[in-house]
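Reading through the structure tokens given below for one structure.
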Amino acid sequence: MKEANQLVENFQSEAFCDDLITWYRKEKRDLPWRLNQDPYRIWVSEIMLQQTKVDTVIPYYERFMDKFPSLKDFAHADEESVLKAWEGLGYYSRVRNLHSAVKEVEEKYDGNVPSTKEEVSSLKGVGPYTTGAILSIAFDKPEPAVDGNVMRVMSRVLSSWEDIAKPKTRKLFEEVIYKVISKEDPSSFNQGLMELGALICTPTSPSCLLCPVQKHCRAFEEGVQKELPVKSKKTPPRYVPMVAGFFTTEKDTLLIHKRADQGLLAKLWEFPNVEVSENGGRKEEQLAMYMKETYGLDVAIDEYVVNIQHVFSHLVWDITVYRGRVIGHVEEKRDVVCVTKEETEHYAFPVSHQKIYKECTGLKKK
DNA sequence: AATTCGTGGAA
DNA sequence: TTTCCAAGAAT
């Protein structure tokens, strides 16, 4: 691996910064988190934007800020409403960590987001990238904020052939950015690199003819911009067959279950379900047995409804859904409740189980 | 270092 | 259709 010093050798950092920042100030998109420099608003946006596209985030961000306008509002919000605000965005540990960290700021820092690297990076859910983003965008500090855009753009600008999927490569580019970053306007520099990656220096077929830093780009000079960056492939997702039950009770309510506090889709609500085993008999029987063993409930399976495939980053659920009824009284617990269809609106479900609900209630997906 | 954590949309 | 991803962090 080349060192950062070698990569930036003979690189005209000042001219690069000027061209990048001038372009950014003129062409930057009008996004809701660019309204002001409120550290809370910047922080929330950076968490939402992790591994998530701008177009997806915007409506969530608007609703979130309507619901929790200030850091104090969010700090005092209840967990269920917090999860509900994140419903459908994915990576739900983001909002659990954010809520925890905001409460810490409210108590430990009297509601003021800290502005030192040590304090910011110690907050839950705030890693190297988000630390640099908060410090540079909210506090104008010259810290690198190296995300996927920055690694792609700098790989091309410096014609680096390092595998950007390797953790070491991010550290290399952090060193590079420390040497290149504008001290006058680190906020526009960092956001400019990301904006460039999003609008011009895209993963496939970059628009080099429109690029404001084309004359600084070694990949363009060498004609290899489409070969860069190098990125190794991830392991394909694991296939998981499941069976789920849409159970009504004798009171004509729905039986739902709260998932565990940790792990996949933690603390979200779902319809009772279990992974199907190969030699465990028919799926209806496995579901009924699961209901008896896990909840002590006798159930009647009425009909097969649908199969739902849901793809995660690391696994694929194939859920066979049955409609059924609970026989007898249901004793509600912390993680097992019976709700009317209207009341489901107050519970946060993962998208896969929203699909189950829609299929079982006959609602059309839009 | 390699996995685990979601989702919807573009290529 | 399949692949790949998008402003990553925690373990």
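Chain A is the first sequence line, chain B the second, and so forth, proteins listed ahead of strands; every chain is numbered from 1.
- Aromatic ring orientation, A:Trp86 versus A:Phe64: perpendicular (interplanar angle above 60°, classes split at 30° and 60°).
- For A:Lys231, a side-chain nitrogen or oxygen approaches OP1 or OP2 of C:dC5 to under 4.0 Å.
- A salt bridge links A:Arg34 with A:Glu195; the closest basic N to acidic carboxylate O contact falls under 4.0 Å.
- Taking the P atom of each, C:dA6 and B:dC5 are spaced 23 Å apart, rounded to whole Å.
- A donor-acceptor pair is defined here as one N or O able to donate and one able to accept, closer than 3.5 Å; such a pair exists between the side chain of A:Lys258 and the backbone of A:Lys267.
- Of the candidates B:dG6, B:dA1, C:dA9, C:dA9 carries the atom nearest the A:Gln50 side chain, counting heavy atoms from C-beta on.
- Regarding A:Lys233, its NZ atom lies at a distance of 20 Å from the C1' atom of B:dA1, rounded to whole Å.
- Using a 4.0 Å heavy-atom distance criterion, A:Leu89 is classed as a base contact.
- Minimum atom distance to the side chain of A:Thr204 is reached by B:dA11, of the listed B:dA11, B:dG6, C:dG8.
- Note: CD (A:Gln309) to C1' (C:dT2) measures 13 Å, nearest angstrom.
- The phosphate of B:dT4 has neither OP1 nor OP2 within less than 4.0 Å of any side-chain N or O from A:Tyr91.
- The separation of C:dT11 from B:dG6, taken at their P atoms, amounts to 14 Å, rounded to a whole angstrom.
- A residue-by-residue look at A:Lys234 and A:Pro167 shows that A:Pro167 has its nearest nucleotide of DNA chain B further toward the 5' end.
- Between the side chain of A:Ser352 and the base of B:dG6 there is no donor-acceptor pair of N/O atoms closer than 3.5 Å.
- In this structure, A:Gly88 reaches the sugar-phosphate backbone alone: every heavy-atom distance under 4.0 Å involves primed, P, OP1 or OP2 atoms, never a base.
- Across all strands shown, A:Lys124 has heavy atoms under 4.0 Å from sugar-phosphate atoms exclusively, and none from any base.
- Side-chain proximity of A:Thr235 to B:dG6, B:dT3, C:dA6: nearest is B:dT3.
- Using a 4.0 Å cut-off between charged side-chain N and carboxylate O, A:Lys171 and A:Glu174 make no salt bridge.
- At the phosphate of B:dT3, neither OP1 nor OP2 sits under 4.0 Å from any side-chain N or O atom of A:His314.
- Distance from the side chain of A:Lys53 is smallest for C:dC5 among the nucleotides C:dC5, C:dA9, B:dT7.
- Dashed line: the shortest gap from a side-chain N or O of A:Thr130 to OP1 or OP2 of C:dA9 is under 4.0 Å.
- Across all strands shown, A:Val57 has no heavy atoms under 4.0 Å from either base or sugar-phosphate atoms.
- Across all strands shown, A:Trp317 has no heavy atoms under 4.0 Å from either base or sugar-phosphate atoms.
- Residue-level contact check: A:Val126 touches the backbone only, with heavy atoms under 4.0 Å from sugar-phosphate atoms and none from bases.
- Comparing A:Gly125 and A:Leu31 by the nucleotide of DNA chain C that holds the closest heavy atom to each, the one mapping nearer the 5' end is A:Leu31.
- Note: NE2 (A:His310) to C1' (B:dC5) measures 12 Å, nearest angstrom.
- When the P atom of B:dC5 is taken as reference, atom CZ of A:Arg238 falls 9 Å away, rounded to whole Å.
- Between the A:Thr344 side chain and the A:Lys341 main chain, a donor and an acceptor come within less than 3.5 Å of each other.
- Proximity note for A:Gln51 (side chain, C-beta onward) versus B:dG6, B:dA1, B:dT7: the nearest is B:dG6.
- A salt bridge between A:Glu143 and A:Lys141 is absent, with no side-chain N of the basic residue lying under 4.0 Å from a carboxylate O of the acidic one.
- Closest to the A:Asp147 side chain, of the nucleotides C:dA6, C:dG8, B:dG6, is C:dG8.
- Rounded to whole Å, the distance from CD1 on A:Ile308 to C1' on B:dG8 is 16 Å.
- Using a 4.0 Å heavy-atom criterion, one finds that A:Arg29 contacts the bases of the nucleic acid, with or without backbone contacts as well.
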